[in-house]
Amino acid sequence: MTLTFDLGAVEVARLLIGMTLLVDGVGGMIVETEAYERDDPASHSFRGLTKTNGAMFGPPGCAYVYRSYGLHWCFNIVTRNHGAVLLRALAPEHERTIMEVRRGSTRHLCDGPGRLTQALGLSKIHDALPLDGAPFTFVAKAVTPEIIAGPRIGITKAAERPWRFGLDGSPFLSRPFPTRG
DNA sequence: GGGGCGATCTTCT
DNA sequence: GAAGATCGCCCCT
């Protein structure tokens with residue numbers, strides 16, 4: 001398939017919903033993402049280059065992996081103009097047993113950015129790696145998904161921007177979306 | 001099902 | 001010294 005991440009972060013965040021991501025064959029369908037733009041106080045690229053965010057200033061289509069709250073990892077896809085898309089949840093469909101071993105549980109395998117990276121074995125060593133080759137595999141979606149949008153989670157700056165996207169009705173979301181009217 | 005809290009790294013004030 | 005794109009455990013309901 002032709003796959004480009006050289007688009008705006010919001011556009012990429014929507015495109016990813018329903019696609020399948022595998023890391024060394026482990027993973028599943030992406031059901032929840034968040035967009036972070038360059039001109040976005042909540043984005044790690046907002047304040048410019050630091051020691052840890054260099055991948056966001058590299059080419060689109062690479063990984064940006066950073067440590068969260070000192071002990072978890074979060075996995076992003078770098079997009080156009082120093083934006084990024086945070087992967088927040090997957091449906092744990094492929095190699096589920098491996099994910100259960102890594103997580104030490106049979107539940108909550110990929111519903112949350114820190115849990116997702118643990119289940120897929122992602123860490124600092126994947127930071128800045130291109131996503132169009134090993135160990136990453138992206139599989140196109142078979143159908144057009146119903147996408148729901150809402151405020152991003154766990155941030156205080158620009159919290160009003162509705163840049164969290166999810167597969168409507170999925171049981172694998174990290175949190176429910178605010179109900180629509 | 002949900003609130004409070006501790007763990008621990010990096011940046012910024 | 002504080003805050004942050006988090007999570008698991010404990011306790012309560």
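Chain letters run A, B, ... following the sequence lines, proteins first, then strands; residues in each count from 1. Basis for what follows: all heavy atoms, side chains included, without hydrogens, waters or symmetry-related copies. Fair warning: this is a prediction, and the values are worked out from it, not measured in the lab.
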Undergrad: Inspect the contact between A:R152 and A:D40 and indicate whether a charged nitrogen and a carboxylate oxygen are less than 4.0 angstrom apart.
TA: yes
Undergrad: NZ of A:K124 versus P of B:dT8: gap in Å, rounded?
TA: 19 Å
Undergrad: A:W73 has an atom CH2; how far is it from atom P of C:dC7, in whole Å?
TA: 15 Å
Undergrad: Is the aromatic ring of A:Y69 within stacking range of B:dA7, meaning centres under 5.5 angstrom and planes under 30 degrees?
TA: no
Undergrad: Grab the CG-P distance between A:L122 and C:dT6 for me, whole Å please.
TA: 16 Å
Undergrad: Are A:Y36 and A:H44, when compared by the centres of their aromatic rings, separated by less than 6.0 Å?
TA: no
Undergrad: Of the listed nucleotides (C:dT6, B:dT11, B:dC12), which one gets closest to any side-chain atom of A:T52?
TA: B:dT11
Undergrad: Name the nucleic acid region contacted by A:H108, choosing base, sugar-phosphate or nothing; use a 4.0 angstrom heavy-atom cut-off, strictly under.
TA: nothing
Undergrad: A cation-pi test, strictly: NZ or CZ of A:R38 under 6.0 Å from the centre of the six-membered ring of A:F46 and no more than 45 degrees from its axis. Yes or no?
TA: no
Undergrad: Between P on B:dT11 and CE on A:M56, what's the gap in Å once rounded to a whole number?
TA: 15 Å
Undergrad: Check whether the ring centres of A:F5 and A:F138 lie less than 6.0 Å apart, and answer yes or no.
TA: yes
Undergrad: Whole Å only: how far is the CD1 atom of A:I155 from the C1' atom of C:dG4?
TA: 11 Å
Undergrad: If you compare every side-chain N and O of A:R88 against the phosphate oxygens of C:dT6 (OP1, OP2), does one of them come in below 4.0 Å?
TA: yes
Undergrad: Taking only the side-chain heavy atoms of A:T50 (C-beta and beyond), determine which of C:dA5, B:dC12, B:dC9 contains the nearest atom.
TA: B:dC12
Undergrad: Using a cut-off of 6.0 Å, state whether more than 12 heavy atoms not belonging to A:D39 lie near its atom CG.
TA: no
Undergrad: With rounding to the closest Å, how many angstrom separate the C1' atoms on B:dT10 and C:dG8?
TA: 22 Å
Undergrad: With heavy atoms under 4.0 Å as the rule, sort A:R152 into base, sugar-phosphate or nothing.
TA: nothing
Undergrad: Mind calculating the distance between CG (A:L87) and P (C:dT6) to the nearest angstrom?
TA: 14 Å
Undergrad: Whole Å only: how far is the CG atom of A:L109 from the C1' atom of C:dG8?
TA: 15 Å
Undergrad: Kindly check if the number of other-residue, nucleotide or ligand heavy atoms within 6.0 Å of CZ (A:R175) is above 12?
TA: no
Undergrad: Mapping A:R115 and A:G154 to their closest nucleotides on DNA chain C, which lands nearer the 5' end?
TA: A:G154
Undergrad: Hey, is the side chain of A:R107 poking within less than 4.0 Å of OP1 or OP2 on C:dC7, counting only N and O atoms?
TA: no
Undergrad: Does A:R103 have a side-chain nitrogen or oxygen under 4.0 Å from the phosphate oxygens OP1 or OP2 of C:dG8?
TA: yes
Undergrad: In this structure, how many angstroms lie between the C1' atom of C:dA3 and the NZ atom of A:K157, rounded?
TA: 8 Å
Undergrad: Which one, B:dT8, B:dC9, C:dA5, comes nearest to the side chain of A:L71?
TA: B:dT8
Undergrad: Taking pairing as Watson-Crick or G-U wobble with both contacts under 3.5 Å, can you name the mate of C:dA5, or confirm there isn't one?
TA: none
Undergrad: A:K51 has a side chain; which of C:dA5, B:dT13, B:dT11 sits nearest to it?
TA: B:dT11
Undergrad: So what's B:dT8 paired with, Watson-Crick or G-U wobble, going by both distances under 3.5 Å?
TA: none
